Peer 1: 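Here's a structure for you.
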Amino acid sequence: MKKLLSSLLALSLTLSLALVPASALELDQAKELLADLYVDGVSDEILALDSLDAILEAIGDPYTFYMTPEQYTAFNQSVNGQTVVGIGATAELAYDGGYRILSVLPNSPALEAGIQPGDIIVAVDGVAAAPEVPPQNLIAGEAGTPLTLTLNRGGQTLELRLVRRAVEIPIVTYELKGSAGYIDCISFGDSTAASVQEAVTAMNDHASVWIMDLRSNPGGDSGATADSASLFVGQGDMLYFRDGSGRHYRDPAPRYTDQTDKPVIILTSEHSASGSELFSGDIRAYSGGIALGQRTFGKGTAQLVLNAINCQYMVGGEAMKITAYRFFAPDGATNHIVGILPTLLISPENTEAAALLLSCAPSSHPENHLKIDLAGQTFYVNLSEALKEENRPALTELLEALPPSAQLRYSTGQNWDDCPAIAPAALAHHLVIPFTARTLSDAEDSEYAWEIDTLTTYGLLSGYDDGLFHPADTVTRAQFCAMAAAALDLPDGKPGQFPDVKEGAWYAGAVSAMADMGFISGYANGNFGPGDTITYQEMVSILNKVAIWASMDGYYLGQDALTLQDALTYSDYSSWAQAAARNLDQLESLLEDVSPKDPGTREVAAATLCRLMQNIHLIWG
């Protein structure tokens with residue numbers, strides 16, 4: 001069966017859909033679809049199982065599932081925005097088998113009851129919400145009828161009583177907030193791009209900055225995402241797909257042209273996923289603005305939705321959703337697992353307030369203003385507004401979040417040209433507001449202070465219990481795995497992969513995570529050697545595998561055979577590390593003044609990791 005890119009290529013799961021028995025779809029037909037389309041391939045052993053439920057469970061992908069006609073109708077309503085009867089929340093099947101609330105709709109029973117993104121649905125009217133009992137089947141009912149929802153929030157059990165009613169799913173709402181054109185987008189569906197265009201047209205004469213609120217936005221349709229982003233950055237390439245055979249596809253050009261030259265501030269949360277991550281990647285790739293908030297969910301796979309229109313096996317309104325592609329932003333970076341790391345890492349409590357502070361219009365009289373150059377854009381802050389009691393926490397956190405790449409100026413006069421750059425800590429001291437540095441004091445003496453400060457500002461790197469970094473200390477293989485796994489936000493891997501990595505050891509989860517991803521391997525005897533000091537060429541070899549997985553540039557470099565000239569150029573490296581050294585050098589991430597076989601130090605590890613993450617665009621700007 002030919003693999004097709006479709007307008008039905010969905011970038012997220014936006015309803016609580018479970019693995020349910022097929023209806024008209026025959027088992028052999030489902031096996032054929034999975035064997036041909038699933039991005040990671042399906043083994044013969046799994047395909048030999050005797051039910052679709054068993055096959056899907058063995059695949060273990062929460063985004064690949066069968067939909068009854070009723071579920072497919074509900075899926076389309078959630079993505080495209082309609083009025084439905086229910087409680088007004090979207091959820092997804094989580095990897096642990098539970099159902100996680102992704103977003104709560106405005107003017108809904110869920111919002112009024114205090115339901116929050118991240119809550120886990122435990123039961124509905126006492127009936128457990130297990131994978132085989134999807135909660136939407138239990139929640140559905142007539143308007144005006146009550147139900148009791150049992151939730152788990154951070155280990156605490158909550159029992160909430162709600163009444164079903166008709167809830168409108170407004171895909172996009174917008175309003176002016178001061179000089180910010182504030183656009184709240186909860187999904188990327190058929191009407192999203194047109195609604196965003198309407199918002200830009202309506203507010204363009206009055207807005208100085210756009211705020212695109214994608215917090216808890218679970219994604220939607222890839223075309224709608226690309227069209228929406230093109231309104232801010234134009235008609236360049238917005239998306240690349242890679243299928244299971246390693247082939248890349250360029251997504252069709254978006255339908256809209258650039259509508260504005262004003263910067264975008266994207267609000268993100270840990271529940272922003274898939275299409276909303278792609279939108280952020282588009283803005284990042286074309287230097288159209290910044291992201292502000294929390295690291296996002298990390299869903300970088302795309303699903304084909306097979307229905308009666310594009311698949312002859314689907315009849316009677318049923319459908320099947322299959323993970324068929326991995327997708328990449330225009331700059332080649334994945335967001336799968338690693339998510340989108342915002343330009344400014346801000347707590348949920350201060351995300352919106354910090355964005356509004358950055359939305360000040362440029363002033364011809366900049367006295368008592370801040371000017372922040374960041375990621376190719378310039379933002380202004382009116383200190384008269386920012387120093388109000390209710391805004392001080394956001395101002396403090398905004399200054400603490402500025403990475404070394406940002407330039408901060410404080411004007412006490414009439415001309416920005418007369419204002420030298422000032423450090424955030426020094427400005428906070430001058431303004432008499434709290435400031436807790438995210439950097440580590442002993443890093444300033446390192447020749448790689450910039451890289452160390454960047455990683456610590458983003459929370460990707462931490463110091464010891466004494467509050468120091470100890471840049472010259474050597475690094476063990478386990479420590480380097482822990483450092484890389486934390487920076488990439490990898491979940492703990494499967495235990496028991498190396499006999500000398502004991503379950504329960506502080507580094508076990510990180511070592512297993514790196515092994516699960518194929519980034520590390522053990523010695524010939526099967527051991528890993530967690531306490532062995534790592535060499536620089538071992539670091540390079542590991543990070544090369546990261547680059548191949550995380551970026552299109554790294555992937556293509558990894559396909560190139562080592563030439564004789566390469567071997568001569570990198571002859572200081574062992575033969576097994578020469579291609580990796582060449583690749584990292586091409587990605588401008590190799591430290592040339594470090595001997596390949598020298599013991600790796602914390603500063604060298606941090607510098608190489610930071611440069612790679614920046615050059616494959618995992619770090620914004």
Side-chain angles (χ1 to χ4, degrees), residues 175-183 203 205-213 215 261-268 288-294 342-439 453-454 456-458 620-621:
E175 63 178 310
L176 277 168
K177 293 189 177 183
S179 56
Y182 196 102
I183 304 171
M203 297 188 290
D205 290 343
H206 306 284
S208 298
V209 171
W210 302 107
I211 295 179
M212 190 78 170
D213 192 343
R215 291 175 293 178
D261 57 0
K262 297 166 185 174
V264 185
I265 301 174
I266 304 165
L267 305 190
T268 63
I290 63 172
L292 187 154
Q294 300 85 58
T343 333
L344 296 173
L345 194 65
I346 303 286
S347 69
E349 294 77 18
N350 291 321
T351 293
E352 183 175 334
L356 289 172
L357 290 181
L358 290 171
S359 302
C360 176
S363 174
S364 57
H365 301 287
E367 185 175 1
N368 206 32
H369 281 65
L370 303 180
K371 180 181 181 182
I372 301 174
D373 292 309
L374 178 65
Q377 299 289 343
T378 299
F379 300 93
Y380 298 90
V381 176
N382 183 340
L383 284 177
S384 298
E385 183 69 23
L387 289 171
K388 290 180 179 178
E389 191 65 29
E390 65 271 21
N391 289 328
R392 283 177 172 247
L395 175 62
T396 290
E397 195 168 358
L398 175 60
L399 294 178
E400 293 170 349
L402 290 175
S405 59
Q407 185 180 75
L408 174 67
R409 297 182 186 274
Y410 169 44
S411 175
T412 57
Q414 300 296 313
N415 194 329
W416 285 116
D417 295 336
D418 298 329
C419 302
I422 185 171
L427 177 62
H429 178 76
H430 174 77
L431 297 176
V432 195
I433 60 173
F435 185 90
T436 302
R438 298 183 183 180
T439 55
D453 287 350
T454 296
T456 54
T457 298
Y458 284 116
W620 194 303

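The model shown is predicted, which means the values in this text are computed figures rather than measured ones.
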Peer 1: Decide side chain to side chain contact (heavy atoms under 4.5 Å, CB included) for N350 and T396; before the verdict, give the C-alpha distance in whole Å, the side-chain angles of both, and the deciding distance to 0.1 Å.
Peer 2: CA-CA 10 Å; N350 291 321; T396 290; over 6 Å; no
Peer 1: Find out whether L374 and L358 are in side-chain contact, i.e. whether some heavy atom of one side chain is under 4.5 Å from a heavy atom of the other.
Peer 2: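 With C-beta onward as the side chain, the pair stays apart.
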Peer 1: Between A291 and T268, what is the shortest heavy-atom contact and its length?
Peer 2: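 Closest approach of A291 to T268: CB-CG2, 4.2 Å.
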Peer 1: Hey, does W416 have a side-chain heavy atom less than 4.5 Å from the side chain of S411?
Peer 2: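 A side-chain contact under 4.5 Å exists here.
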Peer 1: So which of V381, V209, N382 actually passes side chain to side chain contact (heavy atoms under 4.5 Å, CB included) with S359?
Peer 2: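 With S359 as partner, side chain to side chain contact (heavy atoms under 4.5 Å, CB included) holds for just one option, V209.
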Peer 1: Show your reasoning for whether side chain to side chain contact (heavy atoms under 4.5 Å, CB included) applies to C360 and E385.
Peer 2: CA-CA 10 Å; C360 176; E385 183 69 23; over 6 Å; no
Peer 1: Once rounded to the nearest 0.5 Å, what's the spacing between atom CG of L383 and atom CG of L427?
Peer 2: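 The CG atom of L427 is 7.0 Å from CG of L383, to the nearest 0.5 Å.
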Peer 1: Which atoms form the tightest heavy-atom contact between A361 and S179, and what is the distance?
Peer 2: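 Nearest heavy atoms, A361 then S179: N-OG, 3.6 Å.
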Peer 1: Does the side chain of T439 pick up a donor-acceptor pair with the side chain of D453 at under 3.5 Å?
Peer 2: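 The answer is no; no qualifying pair exists.
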Peer 1: I want to check something: taking the side chain as every heavy atom from C-beta on, are R409 and L370 in contact at a cut-off of under 4.5 Å?
Peer 2: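 No. Closest side-chain heavy atoms not under 4.5 Å.
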Peer 1: Which atom names give the shortest non-hydrogen contact between A375 and T343, and what distance separates them?
Peer 2: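 Smallest interatomic distance, heavy atoms only, reads CB-CG2, 4.1 Å.
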Peer 1: Which is it for E349 and E397 under the side chain to side chain contact (heavy atoms under 4.5 Å, CB included) test, yes or no, and what are the steps along the way?
Peer 2: CA-CA 10 Å; E349 294 77 18; E397 195 168 358; 5.9 Å; no
Peer 1: Any side-chain heavy atom of N391 within less than 4.5 Å of one from L356?
Peer 2: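 No, their side chains stay 4.5 Å or more apart.
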Peer 1: If I take atom CD1 from residue I290 and atom CD1 from residue I372, how far apart are they, to the nearest 0.5 angstrom?
Peer 2: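 Answer for the CD1-CD1 pair, I290 versus I372, is 8.0 Å.
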Peer 1: Atom CG of L399 and atom OG1 of T436: how far apart are they, to the nearest 0.5 Å?
Peer 2: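 OG1 of T436 is found 11.5 Å from CG of L399.
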